[in-house]
J.: 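Below you'll find the structure I mean.
Numbered from 1 within each chain, the chains take letters A, B, ... in sequence-line order. Scope of the values below: all heavy atoms of this structure, side chains included, with no hydrogens, waters or symmetry mates.
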Number of protein chains: 2
Amino acid sequence: MNKMNKKMEYALMALKHISGKSDQDLTSAKEISEQMHIPFEVMAKVLQALASRGLLKAEYGASGGYVLARPLSEVSVHGLSEMLEGHVALTKCLGNDEPCEISGTCNITSPISNLNKKVQEFYKSVSLSEVLHV
Amino acid sequence: MNKMNKKMEYALMALKHISGKSDQDLTSAKEISEQMHIPFEVMAKVLQALASRGLLKAEYGASGGYVLARPLSEVSVHGLSEMLEGHVALTKCLGNDEPCEISGTCNITSPISNLNKKVQEFYKSVSLSEVLHV
DNA sequence: CAAAATACGATTAAATAAAACGTATATAAC
DNA sequence: GTTATATACGTTTTATTTAATCGTATTTTG
Ligand code: SF4
Ligand code: SF4
């Protein structure tokens, strides 16, 4: 329960790195992946996902890279998680995919739904700037 | 990120089931596993873990079973998680096992540690009786 | 045109979680 | 006492999820 996945860690590392530079200073996927020893392809995919969701702005070409497109104070941990993984929920029955096969006899669907809401609210209450001290 | 595992779900289902009965009424692993369509061996292991941690009391023999040993209001979601999984943490570097291999170049160890503390405090603040409406 | 960067779908590999198996022990019912 | 039914627990196997890799296309600088 309750472990962070690598995509999230890599995203936080990248955002911390990028936020320490000026707005004109582009950061390439290679730069971060080498400095932090993150597999390049994975780092690139994470940055692409964040760019497609509007958190980063991508610049093409030989001297391209990424720059922040929105202030980190406007995005929560929950928001970042959704950018990388889409809809997130505690259990299967709360997702929008195929339903849980024992939901017919499950006695905690309502409690789980309430808990899920609380957890989401908690993660929405924590901004990325707060987490990263920027 | 942030998904609940089956052990936790099964534990909550069992606790909800048990807490709906009188203190003299024993509940066997088989009873729960059949009613909720949970694999018997898995359900049994979960109940054994909770009994060994003092949350349930086990009664041996042909008409044996489990009964609550502590009120659910005294145990938090975090507490239950620790009973089933031991030490829990957001990332590898926070655990007590082998350290993360890129911690030397990681720029978010301190932020992650703070976030982890917050998450733990949140889960400690939610009691099982609150979650299960009992 | 060549080099270096982002973009993205597809596949493979690794790690983790879940389930199943096997055997021992305790006790109530008969 | 024997049998049936329950907990106890270590081991193994299977399934699922996560992480990493591969391959190719596109864009832009120099
Ligand atoms: S229905 Fe019950 S068992 Fe199935 S995913 Fe929801 S909470 Fe878990
Ligand atoms: S050191 Fe950094 S990358 Fe490694 S587990 Fe901790 S936060 Fe994650």
J.: Mind running side chain to side chain donor-acceptor pair (under 3.5 Å) on B:Gln35 and A:Asn107 for me, showing each step along the way?
T.: CA-CA 10 Å; B:Gln35 278 198 26; A:Asn107 61 349; over 6 Å; no
J.: Taking CG from A:Leu56 and P from C:dT6, how many angstroms apart are they, rounded to a whole number?
T.: 11 Å
J.: Of B:Glu41 and A:Lys92, whose closest DNA chain D nucleotide lies nearer the 5' terminus?
T.: B:Glu41
J.: Just call it for A:Ala29: base, sugar-phosphate, or nothing, with non-hydrogen atoms closer than 4.0 Å on any strand.
T.: sugar-phosphate
J.: What does B:Lys3 touch in the nucleic acid at a heavy-atom separation under 4.0 angstrom: a base, only the sugar-phosphate, or nothing?
T.: sugar-phosphate
J.: Measure CG/A:Leu84 against C1'/C:dC8 and give the value in whole Å, please.
T.: 16 Å
J.: Output yes when a side-chain donor or acceptor of B:Glu59 lies under 3.5 Å from a complementary backbone atom of B:Leu26, and no otherwise.
T.: no
J.: Please answer whether the main-chain N or O of B:Leu15 pairs with a side-chain N or O of B:Ser19 as donor and acceptor at a distance below 3.5 Å.
T.: yes
J.: Need to verify one output field. Residue with the more 5' nearest nucleotide on DNA chain C, A:Gln48 or B:Val42?
T.: A:Gln48
J.: Check the distance between D:dA8's P and B:Glu59's CD and give it to me in whole angstrom.
T.: 10 Å
J.: Are a donor atom and an acceptor atom from the side chains of B:Glu121 and B:His78 found within less than 3.5 Å of each other?
T.: no
J.: Check the interface with nucleotides 27-30 of chain D: list each N/O to N/O pair with the protein under 3.5 Å, or write none.
T.:
from: D:dT28; atom 1: O2; to: A:Ala62; atom 2: N; distance (Å): 3.4

J.: Quick one: do A:Glu9 and A:Lys3 satisfy salt bridge (Lys or Arg N to Asp or Glu O under 4.0 Å)? Show the steps, please.
T.: CA-CA 11 Å; A:Glu9 290 190 51; A:Lys3 267 188 304 185; over 6 Å; no
J.: Using modelled atom types and a 3.5 Å cut-off, is there a donor and acceptor pairing between side-chain atoms of B:Asn116 and backbone atoms of B:Leu90?
T.: yes
J.: Looking only at the side chain of B:Ser28 (C-beta and beyond, no hydrogens), which of the listed nucleotides D:dA6, D:dA19, C:dA7 gets closest?
T.: D:dA6
J.: Between A:Ser52 and A:Met1, name the one whose nearest nucleotide on DNA chain C is closer to the 5' end.
T.: A:Ser52
J.: Do any pairs count as a salt bridge (Lys or Arg N to Asp or Glu O under 4.0 Å) and have a residue in residues 87-96 of chain A, sequence neighbours left out, and if so which ones?
T.: A:Lys92-A:Glu101
J.: Would you say A:Tyr10 places a side-chain N or O within less than 4.0 Å of OP1 or OP2 belonging to D:dT18?
T.: no
J.: Just the rounded figure in Å: distance from P of D:dT17 to CG of B:Asn2.
T.: 16 Å
J.: Consider the side chain of A:Pro39, meaning its heavy atoms from C-beta on, and name the nucleotide among C:dA20, D:dA20, D:dA19 that approaches it most closely.
T.: D:dA20
J.: Whole angstrom is fine here: how far is it from CE in A:Met43 over to C1' in C:dA7?
T.: 15 Å
J.: Output the rounded distance in Å from CG (B:Leu26) to P (C:dA26).
T.: 19 Å
J.: Can you measure B:Ile32 atom CD1 to D:dA6 atom P for me and round it to whole angstrom units?
T.: 12 Å
J.: Ignoring hydrogens and geometry beyond distance, is the side chain of B:Lys45 in donor-acceptor contact with the base of D:dT11 at under 3.5 Å?
T.: yes
J.: Rounded to the nearest Å, what distance is computed from the CG atom of residue A:Leu47 to the P atom of nucleotide C:dA7?
T.: 9 Å
